[in-house]
Each structure stands twice: as structure tokens, then as C-alpha cells.
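To start, the structure itself, in C-alpha cells.
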Amino acid sequence: MTRRNVASGLAVLTVAAVLAGCANAKEVASSQDSTPTTTSPTTPTATTPTDTTPPDTTPTSPTNLPAGFGDGPPGSGLQRFYHQQVDWQSCGTGEQCANVWVPLDYKNPGGSAITLALKKKPATGTRQGSLFINPGGPGASGVDYVDQIQLGSDVTSAFDVVGFDPRGVGKSTPIDCLSDSELDTYVASDPTPDDQSEIQQMVDLWKAMTDGCRGRSGPLMDHMSTVEVAKDLDVLRALVGDDKLNYFGASYGTYIGATYAAEYPLKVGRMVLDGAVDPGQSPKNGELSQAKGFEGALDAYLKNCVQQGCPFGSTVGAAKQKIQNFLTSIDSTPLDVNGRKLTEGEAFLGIILPLYNKDYWSYETSALRSALAGDGSQMLYFADQYTDRQPDGTYSDNAMEAQSAVNCLDHPESESLAQIEAGRSQFLKASPTFGPAAMWWPYACSNWPAKAEFPQPDFHAKGAAPIVVVGTTRDPATPYQQAVDLSKMLDSGVLLSRNGDGHTAYGMGNSCIDTTIDNYLVNDAVPPDGKRC
């Protein structure tokens, strides 16, 4: 699920389980185990693991470390991580789980280590190797994605499907920044501050977030970059005994894949990047592009709504104006919802969520109709789905916190409040509806206190095998042009396009896309560059 924190925007969200289930995720068949093996990072010689995975270690010093920190596997240097033994344990029908160590700091591999959580569905037929998968985020769980993605039966026959929670995420050693009640306040905060008092409230909330990350997570805050995730992924590749990495990434997961290819081009096997993020764009251009993408998705939804008899406007313009007026009114007067309030911040998320999949447009209409009539319960439910907030007030994962930690290391910004306000017209032109909030997105990563340890790599990935980059023409979260640009940037990039609405392409009802990707993964049948479905 590719999302970005409320203050810095919505980088890339792959919708998780909402209403009837995952929009672009399908269940994978399971079968007998295929024992993983370990290899050296430079000489992939397979050996069969037998030892148990290291237990979670509670640190004794310093005290501000999350669970999962420890000394790591025996041995010295980086090799000890590549040669560690993995103990796969049954964790469901035909599924296996494990925890492995990776260095906290790749520049000091003899220092502290953190854990990564893995989940595997073994191949049902003749095994070709492993297919690592990631659903995006930053902050989404690859472990959960194993039970959500519905790969073709020929793919699951040929590959062990392996999901992993990236460093700092989910069941891996987690980054933590805020309590549940503090996260409630953060999510509900005003995304469109109108005066100096409201701007100061935004500044104070963001400082509470950054101070919380440092206080609760210590040095993990400094080591959440995607370059470090790519380095982790190479350790995982070795631990399953594969000479090359086979990978399917969606949304922000494409950024992980592209970064891996840039870091280890000669170790790329078959790689699909669906709903691609363009790593070459500036943060500001990316934010403007995404705001424009959401506006386009809203236009497409409203056009469809009007054709069917829209309950809040007979034209796209009239319906959109009513939505904009609603957001303005709820800014000053939130709606009561069973003891809670639907604020503008939550309504913003609630409107955006159903735009990720055309199948959810009818739910968008229902939620908007109710909210305009004074009942914000459906809209608040969508906001809770977006943030993974449970009915008891807890959050089922740490995705909202992990998003900030990753995005701001990957894409630091340096805009002052005055510069942000001076850029208002750019955002309003790109997105009259979402621009008043999007204009503030640069603030968060202009004020993130940690800096990435590793520079961004050369995304040409010279020498890599063909990489299939997939774009959807009316994708709101990762606009289509980003896939075009990434396919051109990668020396071996091959563009595959879906003409349609919604975020990502695979599993969205386009058999041409699904068959093309399945055939590439199983048979290495590289589609012609520029193929459209």
C-alpha cells in the first residue's frame, strides 16, 4: 500500500483490504516446501540451512531501540548475514515464515543488527526459484501481500512466492514514532492551514512526529532508506539460494525494484515494476504530478457519476464544486460520528481512497452522498481503512510512521514556509480540489532530522536483464508518465501499458496485462517495448 504521511502527501498508495477485499491483490495457491539455501554475496554457492533463526533480542543499551535489535548472526563483516542459516517454520496452510538478520548500518556490518520478517508460499510445481514481492507503501507489509496477491497459476507453480516486510515495517524491526492516540491527532490534523495559528499547529504536530521517531526508534530512523532496503533484498536473494533476483513490485515497490537494479544490475533476473515511480523526478515535480493525477481520477469518477445521474451535480464542474465546498465547510465544522469527528484531514483521505479502483466508485458516491447530508460515518470508515485504524482505536501496523521515515530519507526537501506559500498557485493549477492540501506536502521532508547515509544510485542499471515497467494511463497515485520515464531511464526498461483507470495494472481485470506478465515471469518472454493492453 503506497502511501505518504498526511503532512508530506500521499506518495503512492496501493489500496489494501477495503470492503470486498484487495483491489489488485489475488490469493496465491500453496504446495509442498522447497528448502531455501544460502549463498555468498559474491559467489552464490548453495547450502542447506538447518539452524534456527535468531530470536528477537531486547536491547540493554541504549534504551530507545524498538524490539528486534540485536548482535546479529555469528561471524564477521557483511558475509555473516549472507551465510546465516534460515529456519522456515509453518505459519499457515502450506505457508512458511522466518526472521533473518540484516545490518542496521551497512557501513558498519559488525555493529547492531535488525530483523526482517519473511513469508513464503512454496512453488506448486517444478521450482524455477523464488519470486520476491512487495506491494508498496512505503510501509506496506510484503508478508501480508503473500495472502493478497493473486498471481497466475503458472507463476505459483514455478516460483516460491516470498513476501518480506522491509526494514522498519510491520513484523520486521519496526520504527515507532507516536502512540495510537497521538496518531489519531496527527491523522485528523488540518491539511490546509489557513492562518499563522493553524500553520503553527502543523509545525508543532510535525515536530512531535520527528521527536517521537527519534525518541522511540533511535538510530533506526537514520537507516530507513530504499537503498538500504535494496541491500537487504540482496541478502534475502542469497538466503533463498538464487543467483539472480526475480521480483514483482507494485507502486512504491517499483522504487525498491529499480533501486535494486541500480545497485546490483548483474543480479537482476525477471523483474516487473507495476505502477511505476519515477526515481528521477524532483520531489516537488512528483508532488505536483500526483496532485494532478488525483484531480484527473476525480474528474474520471465524476464524469461516470454524472452519466449515471450523480446525486450531487448534473455536470462534472457542479459536482466537483460541491465536493470542494464540503471540504471547506468541514474544515471549520467537523461532522460528529459516534463520538468521533470527521475532520477535513480524514475526509481528504476518505475521498481519495476509492479513487484507486474503478470498482469502488459506487462506494465513493454513497460516502459522499451521506457526508453531504451530514452523515460522515462512511467517509470516516474509508479514512480508517487508509490508515489501518481499527474500531478499538489501535492501528494494525506502523505504515503511517514508516512512510515518513522512508520518503524523507529518499527525497529530502528544503522549502521554507514562505517558499511553500509562494508555490500555492502551482498546486491549485494542478489540482483545484486537492491542491490546497498538496501544497503543504514539501514541508515534512524539508524538516526531517535524519539524512540518508547512501546516495541515490545510477538508475540506468547498465547491464541488467530486461525489466518490464508497467503503467496505467489514468493512474492517480503514480501517473502514467512516471512509467514512461522510468522505462526510458533504465537501460533495459521495457514499457507495458494498460489503458484504464485506477492504480497499478496487474490483477485489475485486463487479461492482456496479466497474461503478458505471467508469460514473462515464467518463460522469460519479454514483451515488445511499448506494448499496450
Side-chain angles (χ1 to χ4, degrees), residues 30-59 65-92 94-106 108-123 127-134 141-143 146 159-174 223 228-247 260 264 267 269:
S30 59
S31 171
Q32 75 252 14
D33 177 33
S34 180
T35 305
T37 53
T38 58
T39 68
S40 159
T42 56
T43 314
T45 307
T47 59
T48 304
T50 56
D51 294 347
T52 59
T53 183
D56 285 350
T57 303
T58 302
L65 298 179
F69 271 79
D71 295 330
S76 62
L78 188 58
Q79 296 295 313
R80 67 191 181 116
F81 296 96
Y82 279 86
H83 288 296
Q84 69 185 293
Q85 303 298 312
V86 183
D87 180 28
W88 291 99
Q89 298 288 333
S90 176
C91 58
E95 298 174 338
Q96 299 172 349
C97 294
N99 293 306
V100 300
W101 293 109
V102 293
L104 169 67
D105 181 357
Y106 275 89
N108 181 26
S112 296
I114 56 176
T115 56
L116 299 184
L118 309 176
K119 189 172 190 177
K120 175 177 69 174
K121 281 192 173 183
R127 180 180 180 274
Q128 293 188 29
S130 297
L131 176 67
F132 284 89
I133 59 173
N134 184 275
S141 170
V143 168
V146 170
F159 292 99
D160 296 341
V161 178
V162 183
F164 66 102
D165 284 358
R167 57 174 50 221
V169 171
K171 298 177 180 66
S172 296
T173 300
H223 297 285
E228 289 163 300
V229 174
K231 292 179 181 295
D232 294 342
L233 189 51
D234 195 59
V235 172
L236 300 184
R237 171 204 58 77
L239 292 179
V240 299
D242 287 357
D243 293 350
K244 295 191 174 184
L245 177 77
N246 301 306
Y247 179 81
Y260 182 91
Y264 307 97
K267 294 181 181 178

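Nothing here was measured: the structure is a model prediction, and the numbers come from that model.
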Are Thr173 and Arg167 close enough, and set up right, to give a side-chain contact (heavy atoms from CB on, under 4.5 Å), and what steps lead you there? CA-CA 6 Å; Thr173 300; Arg167 57 174 50 221; over 6 Å; no
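- Closest non-hydrogen pair, Arg80 versus Asp71, comes out as NH1-O, 2.9 Å.
- Of the candidates Val162, Leu233, Ile133, Leu233 is the only one forming a side chain to side chain contact (heavy atoms under 4.5 Å, CB included) with Tyr247.
- Note that CD of Gln89 is 4.0 Å distant from CG of Asp87, once rounded to the nearest 0.5 Å.
- Residues Tyr82 and Ala238 share a closest heavy-atom pair of CD2-CB, 3.4 Å.
- Under 4.0 Å is where a charged nitrogen must lie from a carboxylate oxygen, and between Arg237 and Asp234 at least one such pair does.
- Taken to the nearest 0.5 Å, the CD atom of Glu95 stands 8.5 Å off from the OG atom of Ser90.
- Contact check for Phe159 versus Asp242: no side-chain heavy atoms found under the 4.5 Å cut-off.
- Using modelled atom types, no side-chain atom of Ser141 and backbone atom of Asp165 make a donor-acceptor pair closer than 3.5 Å.
- Val146 is not listed as a side-chain neighbour of Lys120, based on a closest heavy-atom distance of 4.5 Å or more.
- For the residue pair Ala117 and Ser172, the shortest heavy atom distance occurs at N-OG, 2.9 Å.
- The CZ atom of Phe69 sits 6.5 Å away from atom CD1 of Ile114, with the distance rounded to the nearest 0.5 Å.
- In this structure, the side chains of Gln84 and Val235 come closer than 4.5 Å at one or more pairs of heavy atoms.
- Here the side chains of Val240 and Asp160 are not in contact, with every heavy-atom distance at 4.5 Å or above.
- Residues His223 and Tyr106 fail the side-chain proximity criterion, which asks for heavy atoms closer than 4.5 Å.
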Verify side-chain contact (heavy atoms from CB on, under 4.5 Å) between Leu118 and Trp88, making sure each step is shown before the conclusion. CA-CA 9 Å; Leu118 309 176; Trp88 291 99; 3.8 Å; yes
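- Counting heavy atoms from C-beta on, the side chains of Cys97 and Lys119 come closer than 4.5 Å.
- Side-chain contact between Pro103 and Leu78 is present, with at least one heavy-atom pair separated by less than 4.5 Å.
- In this structure, Lys244 has no side chain to side chain contact (heavy atoms under 4.5 Å, CB included) partners at least two apart in sequence or on a different chain.
- Using a 4.5 Å heavy-atom cutoff, the side chains of Leu236 and Phe132 are in contact.
- For the atom pair CG of Leu245 and CG of Leu131, the computed distance is 8.5 Å after rounding to the nearest 0.5 Å.
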